[in-house]
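Structure first, then comments.
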Amino acid sequence: MSTPDTSGSATAAVPVGAALALADDALVLSHRLGEWAGSAPVLEEEVALANIALDLLGQARVLLSLVGDEDELAYLREERSFRNVQLVEQPNGDFAHTIARQLYFSTYQHLLYARLASGDGPFAGLAAKAVKEVAYHRDHAEHWTLRLGDGTPESHERMSRACEALWRYTGELFQPVEGLDVDHAALESAWLESVADVLGRATLAVPSGPRTGAWSAGAGRQGLHTEPFGRMLAEMQHLHRSHPGASW
Amino acid sequence: MTAVTAGTAGSAGTAGGAGTIGAADAAAVEAAAHEAVFDAAVAADERIEPRDWMPEAYRASLVRQIAQHAHSEIIGMQPEANWITRAPSLRRKAILMAKVQDEAGHGLYLYSAAETLGTSRDELLDKLHSGRQKYSSIFNYPTLTWADVGAIGWLVDGAAITNQVPLCRCSYGPYARAMVRVCKEESFHQRQGYEALLALSNGTEAQHAMAQDAVNRWWWPSLMMFGPPDDESTHTAQAMAWKIKRHSNDELRQRFVDIAAPQADALGLTLPDPDLRWNEERGHYDFGPIDWTEFWDVLKGNGPCNDQRLSKRRQAHEDGAWVREAAAAHAEKHTGGNNGKAQA
């Protein structure tokens, strides 16, 4: 399958593109965090990273189910049909890269869900529940950013490199998404302020490079992804696709 | 049991105030008194608590057992984590991630229980990484297909529960209480494994074959999880006398076979033992001989995944060193030190 069913009256009120954008962000980041299982730097982080991954997977399942069958959408879409931002598909890298990705994404997701929760749109219910989970994700990322940025010279250097490396994927977060009734410009300025505040307290510089890559901003939302994403999907989808029509 | 002394390293050198006998004699008298109180508490099925006096051998035996258990939880994350990124449905993926997360949590409870005996997590991890302490040999077998996740839940967690439920009544309080929590979660793990296998067994021909293959590979190693036969088990007799352990290896193994055999029938799968049959007279299932050569071989380090599991664990620990150092340095700068175990 390539496009979800939009004909049913029960799903008519839900903007499909927006639902997929939110769902795919959560699904893909959850998958990446799941890759940490058994390799986290300390046992408490095994628990914390799995906890965040489970929250995100839960959000993805609710969102996908709003617009179709969750497994068909997760396992049978091709790469170009995924609507997640490129930030969340970036490989885990070292723990600093994972934390920088978490800081950038959870700050965005927290601001976005807080706005969606306060409205009366189709995602208000989900956002009201998810915003509490995401507040913890953001808090977790902030605390680790502070520890790594203001820890040892090595951790400072690693965190600094990670923040810079992922900076180019942050512009895309604020590309308007059809069906999401949010002021993206306001979202972006709130995000910049919040991230700059955390980085400052972590003794880290706000990266100065461009906030978009060689692809134009919004590429992930339009189905254009980076190389690592194809491999990630191949691994995620292969078993499901190897047994067409099977139940698990 | 009431606290006799607050020491954790025995009572030597605490004698004082005895006018006519020497300090050494007084210490001996005191030790004997402590021992009597300890023995009486164990006999009365009371719990021994961290601040209570306990024989050094009891302490050492508990540390050995709790550490091995904790190590098994964290090494045991690996074979299942192997399938998180390939789980065939989002529901199964969520269940598997939650299960692997629980195992990390069990590791935390158990390392904390060991800490109440005066042994730190770092010290125990160091012993695991250097091969001086063991984890359950079952995790040295590979997870080759998705059905292995189901088979581990049903058989490995099933065997673990059979072993662990009696530990909820273990004489050492912190271990017993940790086991109550662990067992509640293990029973969810066992059910999800059974249910995942049932879905495969009732699924397509290929899925059924996958389930049968996994059960064929995991059955005998699961029986070995109860440890060597009673007449070859070095720790059982003393552990039972101290009420750390409540049943012998062979008793628990039989209990597990009696539970698993009818469940296999319900699953529509066979167990790979031609000698397995109900014995009316004994009121138990008879089962075939276990290949103890394989057991000792895997224990010695020659299993299919011994090197892989330990290398991955060491690698994760080494890769994480700079993170732990950063957390410790940050805590030192900002709170005057809270030993680097800072947690958001």
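All chains are named by letter (A, B, ...) in the order of the sequence lines, taking the proteins before the strands, and each is independently numbered beginning at 1. Hydrogens, waters and symmetry mates play no part in the numbers below; they use all other heavy atoms, side chains included.
For a residue to count as touching a neighbouring chain, one of its non-hydrogen atoms must lie under 4.5 Å from one of that chain's; by this rule A/S247 touches chain B with the backbone only. For A/L27, the part lying under 4.5 angstrom from a heavy atom of chain B is the side chain only. Of the atoms belonging to B/L200, it is side-chain heavy atoms, and not backbone ones, that fall under 4.5 Å from chain A. Contacts between B/V100 and chain A at a heavy-atom distance below 4.5 Å involve the side chain alone, from C-beta outward. With a 4.5 Å cut-off on non-hydrogen atoms, B/R92 touches chain A through its side chain but not through its backbone. Both the backbone and the side chain of B/S89 come within less than 4.5 Å of a heavy atom of chain A.
Atom-to-atom distance recorded for B/M97:CE and A/S30:OG is 3.5 Å, nearest 0.5 angstrom. The distance from atom CE of A/M236 to atom CZ of B/R86, rounded to the nearest 0.5 Å, is 14.0 Å. The CG atom of A/D150 sits 3.5 Å away from atom NE2 of B/H334, with the distance rounded to the nearest 0.5 Å. Annotation: the span from A/H240 atom NE2 to B/W146 atom CH2 amounts to 12.5 Å, rounded to 0.5 Å.
Contact annotation: the side chain of A/L64 approaches that of B/L90 to within less than 4.5 Å [non-hydrogen atoms, C-beta and beyond].
Ion pair A/E44/B/R121 flagged as a salt bridge, since at least one NZ, NE, NH1 or NH2 atom sits closer than 4.0 Å to an Asp/Glu carboxylate oxygen.
The interface of residues 185-199 of chain B with chain A, defined by heavy-atom distances below 4.5 Å, comprises B/A199. Contacts with chain A (heavy atom to heavy atom, under 4.5 Å) involve these residues of residues 67-85 of chain B, listed by number: B/I74, B/M77, B/A81, B/W83, B/I84, B/T85.
B/D319 places no side-chain N or O within 3.5 Å of a backbone atom of A/P41 that could act as its donor or acceptor partner.
Interface remark: of the candidates A/H238, A/E70, A/E46, A/H31, A/H31 forms the most heavy-atom pairs closer than 4.5 Å to chain B. Ranked by heavy-atom pairs under 4.5 Å with chain B, the first of A/L148, A/L54, A/T152, A/D94 is A/L54.
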